[in-house]
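So that the names make sense, note that chain A is the first sequence line, chain B the second, and so on, each numbered from 1.
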Amino acid sequence: MARVLVGVKRVIDYAVKIRVKPDKLGVVTDGVKHGLNPFDEIAVEEAVRMKEKKIASEIIAVSCGLPQAQESLRTALAMGVDRGIHVEVPQTQYDTLQPLHVSKILAKIAQDEKIDVIIVGKQAIDDDSNQTAQMTAALLNWPQATFASEITVEGNAIVVKREIDGGLETIKVKLPAVISADLRLNEPRYATLPNIMKAKKKPIKKITAADVGVDIAPRQQVLSVEDPPTRQAGSVLPDVDTLISKLKEKGHL
Amino acid sequence: MGAGRRDVIALYKTLLHMGRDYPQGYDFFRSRLKKAFQRNSDISDPEQIQSLVKRGEFVVKEIEALYMLKKYRTLKNRYSTEENPSKS
C-alpha cells in the first residue's frame, strides 16, 4: 500500500475578478474570496480515490503559505485526506516564494514521511507556474508523470495517460513517482458540511521552512504587476466606403 | 411536531452552507431558500415531509453538479488552446 502526499495551495477563488493593487506590486487579496486551487482539488480527489480502492494507506496534504492556508488544508481533509502539514510562511516571504522553494519542501517532507506517490495540481491558478511537480521529481530523482488525465496502478508501477498537444500519451513509471493532475483526471467531490466538521478533528502539523532545512529568503523583487491591456472600443460604420477608407487610414489595406 | 425535524434542519443547514458559493450571491440564495422552506412549514404529514426532504437532497446534488460544471467550464476556457474553447 502506497503512502501518498498531495500538495495544496490556497489561491484567490477562480470566479473572482482579479484587481491589481494601486501600488502595482501585487493583486488585491484582502477581503477577497479564496479557495483551494482547482487543480489541487483534482489531485486530492485522485489520492482519496486511491485510498478508497485500497491502493493508498495514508494521504498527507502539505500546504506552504500564510496562516490562512490552513483553510485549504481543512478543505482537503474534508475531502478525505488523513492529515495535514502546514509549512507556515510569513507574508513578507510569501510574496516571493518560488516553486523551487515549494519543491524543496515537498521533497524533504516526502523523504521524512517515506512517501511513495506525490500528487500535485499541474499548476496554481494564481501564478500559473507549472513547475512544482517537475522540480520535485528532479530533486528526489524520481520519475515524473505530468498532466495526468488517467492513472492506473499496476503493482509497483503506475500507468498514466498524459494530456499532450493534440492527444494523449501513455507512459509507465515506477514508484516512487511524482504526478501532476490535469483538468480531466477526475471530478472532485464537494466538501460537504458534515465532512468539514469532521475534518476539524483531523490533525494539522504546523512547521516552518527552516524546520525542513529550506532557505526561502527572497532572491527576487516584484517590480510591477499590471492589468492586461483592455480591448479598445469598436465603432459601427455606415457603409463599405467608409470601412475601406478607415482600413486604408490604419494601413491594413 | 418532531417527525423528520432533524432531517429538515440538516438539509437546511447543508443548503445554507452551499449557498456561500452560489454564483448570484449568498443573500440571493438565502432569501430564496428561506422562502422555499417557509412555504412548506405548515406540513405535518411525516410521509409528505420525507418526500420533500428527498426532493431537497436531490437539489443538493444538482447544486453540487452545477458548481462542478461551472468550475470545469471556466478552467477549460481559461487554459485550453483548442480552436473553439467555448464548447465543452
Apply side-chain contact (heavy atoms from CB on, under 4.5 Å) to the pair A:I118 and A:I179, showing each step before the final yes or no. CA-CA 6 Å; A:I118 300 178; A:I179 301 170; over 6 Å; no
Report, by ascending residue number, the residues of residues 14-28 of chain B in heavy-atom contact with chain A at a distance under 4.5 Å; give 'none' if the set is empty. B:T14, B:H17, B:M18, B:R20, B:D21
Is there a donor-acceptor contact under 3.5 Å linking the side chains of A:Q220 and A:Q98? yes
Quick check against the 3.5 Å criterion: does A:S103 have a side-chain atom that pairs as donor or acceptor with the backbone of A:T132? yes
Set of ring-ring contact (aromatic ring centres under 6.0 Å, His included) partners for A:Y14, sequence neighbours left out: none
So do B:I43 and B:N40 actually touch side chain to side chain, heavy atoms under 4.5 Å? yes
Using non-hydrogen atoms and a 4.5 Å limit, figure out which bit of B:Y79 sits close to chain A: side chain, backbone, both or neither. side chain
Interface residues of residues 59-83 of chain A facing chain B - non-hydrogen atoms under 4.5 Å apart: none
Are A:T29 and A:H34 packed together at the side-chain level, in the sense that at least one heavy-atom pair is separated by less than 4.5 angstrom? yes
Note, A:L193 side chain near B:K13 side chain (heavy atom, < 4.5 Å): yes
Test your reading of the model: is there a side-chain donor-acceptor pair from A:N37 to the backbone of A:V11, 3.5 Å cut-off? no
So what's closer than 4.5 Å to chain B heavy atoms on A:I42: side chain, backbone, both or neither? neither
Under the ring-ring contact (aromatic ring centres under 6.0 Å, His included) test, residues paired with A:F147 that sit two or more places apart: none
Counting heavy-atom pairs closer than 4.5 Å to chain A, which one of B:K71, B:M68, B:K70 comes out on top? B:K71
Write down the atom of A:V173, the atom of A:A145, and the distance for their closest heavy-atom approach. CG2-CB, 4.4 Å
Could you tell me which of A:D128, A:D13, A:T192 has the largest number of non-hydrogen atom pairs under 4.5 Å with chain B? A:D128
Report yes if some heavy atom in the side chain of A:V8 is under 4.5 Å from a heavy atom in the side chain of A:V44; otherwise report no. yes
